[in-house]
Amino acid sequence: MSKAGALDLASGLGGKINKAEVNKYYDLATSFYEYGWGESFHFAHRWSGESLRESIKRHEHFLALQLGLKPGMKVLDVGCGIGGPLREISRFSSTSVIGLNNNDYQITRGKELNRLAGVSGTCDFIKADFMKMPFDDNTFDAVYAIEATCHAPDPVGCYKEIYRVLKPGQCFAVYEWCITDHYDPNNATHKRIKDEIELGNGLPDIRSTRQCLQAVKDAGFEVVWDKDLAEDSPLPWYLPLDPSRFSLSSFRLTSVGRMVTRTMVKALEYIGLAPQGSERVSNFLEKAAEGLVEGGKKEIFTPMYFFLVRKPLTE
C-alpha cells in the first residue's frame with residue numbers, strides 16, 4: 001500500500017498518523033489485543049466444537065511438533081508480541097525460548113506475564129529489530145515466527161537474518177499473512193480490503209504466498225513443505241471477528257461486545273481514565289477487523305500460510 005493510500009484511509013478514521021504516534025499506537029493496540037484475544041495475538045486453524053483458545057494452543061503445538069523441538073533446545077520467536085506463544089511452546093516442548101521484539105511496552109508486559117506463569121527461567125525477551133538481530137551466527141536450534149514477519153520491509157533480508165542465526169541443518173517454521181491467488185489487483189473491492197488490512201495492522205505491502213516462498217528460497221533455505229492452512233480449516237479462521245456471529249465464550253470479539261468496548265473506551269478516554277488516542281486506535285482496529293473478515297470470506301487473504309524450511313548442513 002502506498003503511503004498516500006494509507007493516509008487517505010487514516011483520514012477517514014479521524015486523522016493522519018505521523019511517526020511520533022507509531023509507538024503510542026502499538027502500545028494502545030497491544031492492550032486492545034490482549035483484552036479481546038488473550039496473550040497470543042494470532043489466528044488458528046480450528047476444528048468444529050473446538051474453542052478459540054483451544055485452537056490457538058493447538059496451532060502453537062503444531063508449530064513445535066513440525067520443528068521437532070526437544071527438551072533443552074534453544075529456540076527463537078521472531079516478533080513475539082507479549083509472549084503467549086513462546087510461553088506455551090516452551091512448556092509444551094521443555095525448551096528455552098527467547099522472544100525478539102522491538103516494542104518496550106510489549107516486552108515489559110511479556111516479562112510480567114512470564115513471572116506470573118513461573119517461566120522466567122526458560123523464557124525471556126530481547127529488544128531488537130528482526131532485520132538486524134543481536135545474535136551470533138548459528139546460535140539457535142530452531143526459529144519460528146507467527147504472523148510477525150509480514151511486518152518486515154524486506155522479506156529476503158528478514159529471512160536471511162533468521163538463516164544467519166539458525167544452526168546448520170535446523171529448521172525455521174512460520175505462519176505468514178499473505179494475499180492468495182484469488183486476489184485480483186485490478187479489482188477495486190480487493191484493493192480496498194487489502195488497504196484496510198494493511199492500515200489497521202501497520203503493515204507494508206502484503207506479499208503473496210508465491211512471493212514469500214520465493215523470498216525464503218532466495219535467503220538460502222531448503223523448503224520442506226508449505227501449505228495455506230486456511231484452505232481446509234473446518235471453521236473459518238475469521239469467525240471470531242465476524243459481526244454476524246454471536247458467542248458468549250468470545251463475547252468481546254462479537255459485534256455486540258465490540259460496541260460495548262467502543263462505548264466504554266470513549267467514556268474512559270473522556271473522563272481521563274484511558275490514554276488519549278484510545279478511541280482512535282479502537283476505530284483503526286475495527287476497520288482492520290472488517291477488512292480481515294471480508295478478505296477471509298472472499299478467500300483473497302490468509303493469516304496462516306505455513307512453511308517449514310531447513311538451513312542446509314553445508315553452504
Side-chain angles (χ1 to χ4, degrees), residues 1-19 22 25 29 41-45 78-79 130-131 145-160 162 174-219 221 223 225-233 236-244 283-307 309:
M1 177 175 60
S2 69
K3 184 176 181 181
L7 294 180
D8 287 343
L9 274 171
S11 297
L13 290 170
K16 297 180 179 181
I17 292 181
N18 56 49
K19 289 183 179 179
V22 171
Y25 171 79
F41 303 162
H42 63 82
F43 296 98
H45 177 283
V78 177
F130 54 46
M131 299 299 293
I146 302 178
E147 301 181 24
T149 45
C150 52
H151 291 273
D154 170 21
V156 176
C158 178
Y159 295 151
K160 279 185 175 180
I162 291 168
V174 63
Y175 295 123
E176 280 284 10
W177 279 30
C178 293
I179 54 173
T180 71
D181 290 342
H182 296 289
Y183 177 78
D184 179 1
N186 298 312
N187 184 305
T189 299
H190 288 191
K191 289 175 67 178
R192 174 186 58 77
I193 292 169
K194 180 172 176 284
D195 284 350
E196 288 177 355
I197 295 171
E198 289 168 345
L199 175 68
N201 294 281
L203 296 174
D205 188 44
I206 301 175
R207 294 170 279 268
S208 70
T209 55
R210 296 172 189 267
Q211 287 173 319
C212 281
L213 195 63
Q214 186 58 53
V216 81
K217 291 178 181 177
D218 291 344
F221 283 103
V223 177
W225 72 282
D226 70 291
K227 180 178 175 61
D228 178 5
L229 300 183
E231 291 179 348
D232 60 0
S233 181
W237 60 265
Y238 55 81
L239 198 62
L241 297 177
D242 191 341
S244 65
N283 290 338
F284 266 80
L285 297 178
E286 280 285 315
K287 200 66 177 176
E290 292 172 10
L292 288 167
V293 172
E294 277 198 89
K297 287 184 174 180
K298 293 185 180 298
E299 299 182 344
I300 63 172
F301 169 80
T302 177
M304 56 187 74
Y305 174 54
F306 174 83
F307 53 78
V309 296

So, Ser208 side chain and Thr180 main chain: donor-acceptor pair closer than 3.5 Å or not?
no
With a 3.5 Å distance limit and no angle check, can you tell me whether Glu294 reaches the backbone of Gly291 through a side-chain donor-acceptor pair?
no
Could you measure the distance from the [atom1] atom of [X] to the [atom2] atom of [Y]? Nearest 0.5 Å is fine.
{"X": "Asn187", "Y": "His182", "atom1": "CG", "atom2": "NE2", "value": "13.5 Å"}
{"X": "Phe301", "Y": "Asp228", "atom1": "CZ", "atom2": "CG", "value": "10.0 Å"}
{"X": "Arg192", "Y": "Lys194", "atom1": "CZ", "atom2": "NZ", "value": "13.5 Å"}

Would you say that [X] contacts [Y] through its side chain, given a criterion of any heavy-atom pair below 4.5 Å between the two side chains?
{"X": "Cys178", "Y": "Cys212", "result": "yes"}
{"X": "Lys191", "Y": "Asp184", "result": "no"}
{"X": "Ile300", "Y": "Ile179", "result": "no"}
{"X": "Arg207", "Y": "Pro155", "result": "yes"}
{"X": "His45", "Y": "Asp232", "result": "yes"}
{"X": "Leu292", "Y": "Tyr238", "result": "no"}
{"X": "Pro153", "Y": "Met131", "result": "yes"}

Quick check on ring-ring contact (aromatic ring centres under 6.0 Å, His included): which of Trp237, Phe43, Phe306 does Tyr175 satisfy it with?
Phe306
Would Val174 and Glu147 count as a side chain to side chain contact (heavy atoms under 4.5 Å, CB included) here? Give the steps.
CA-CA 8 Å; Val174 63; Glu147 301 181 24; over 6 Å; no
Does the pair Leu229 and Tyr305 meet the rule for a side chain to side chain contact (heavy atoms under 4.5 Å, CB included), with working shown?
CA-CA 6 Å; Leu229 300 183; Tyr305 174 54; over 6 Å; no
Regarding Glu176 and Thr149, is there a side-chain donor-to-acceptor distance under 3.5 Å anywhere?
yes
Lys297 vs Asp242, test: salt bridge (Lys or Arg N to Asp or Glu O under 4.0 Å). Steps then yes/no.
CA-CA 10 Å; Lys297 287 184 174 180; Asp242 191 341; 3.5 Å; yes
Residue pair Thr189, Ile193: steps toward the side chain to side chain contact (heavy atoms under 4.5 Å, CB included) verdict
CA-CA 6 Å; Thr189 299; Ile193 292 169; 4.0 Å; yes
Testing the basics here: between Ala152 and Cys158, what is the closest heavy-atom pair and its distance to 0.1 Å?
CB-CB, 3.7 Å
Where is the tightest heavy-atom contact between Trp177 and Ile206, given as atom of each residue plus distance?
O-CG2, 3.9 Å
Could you go through Asp195 and Glu198, starting from their C-alpha distance and side-chain angles, then the distance that decides it, and tell me whether this counts as side chain to side chain contact (heavy atoms under 4.5 Å, CB included)?
CA-CA 5 Å; Asp195 284 350; Glu198 289 168 345; 3.6 Å; yes
Yes or no on salt bridge (Lys or Arg N to Asp or Glu O under 4.0 Å) for Lys160 and Asp154, after CA distance, side-chain angles and deciding distance?
CA-CA 10 Å; Lys160 279 185 175 180; Asp154 170 21; over 6 Å; no
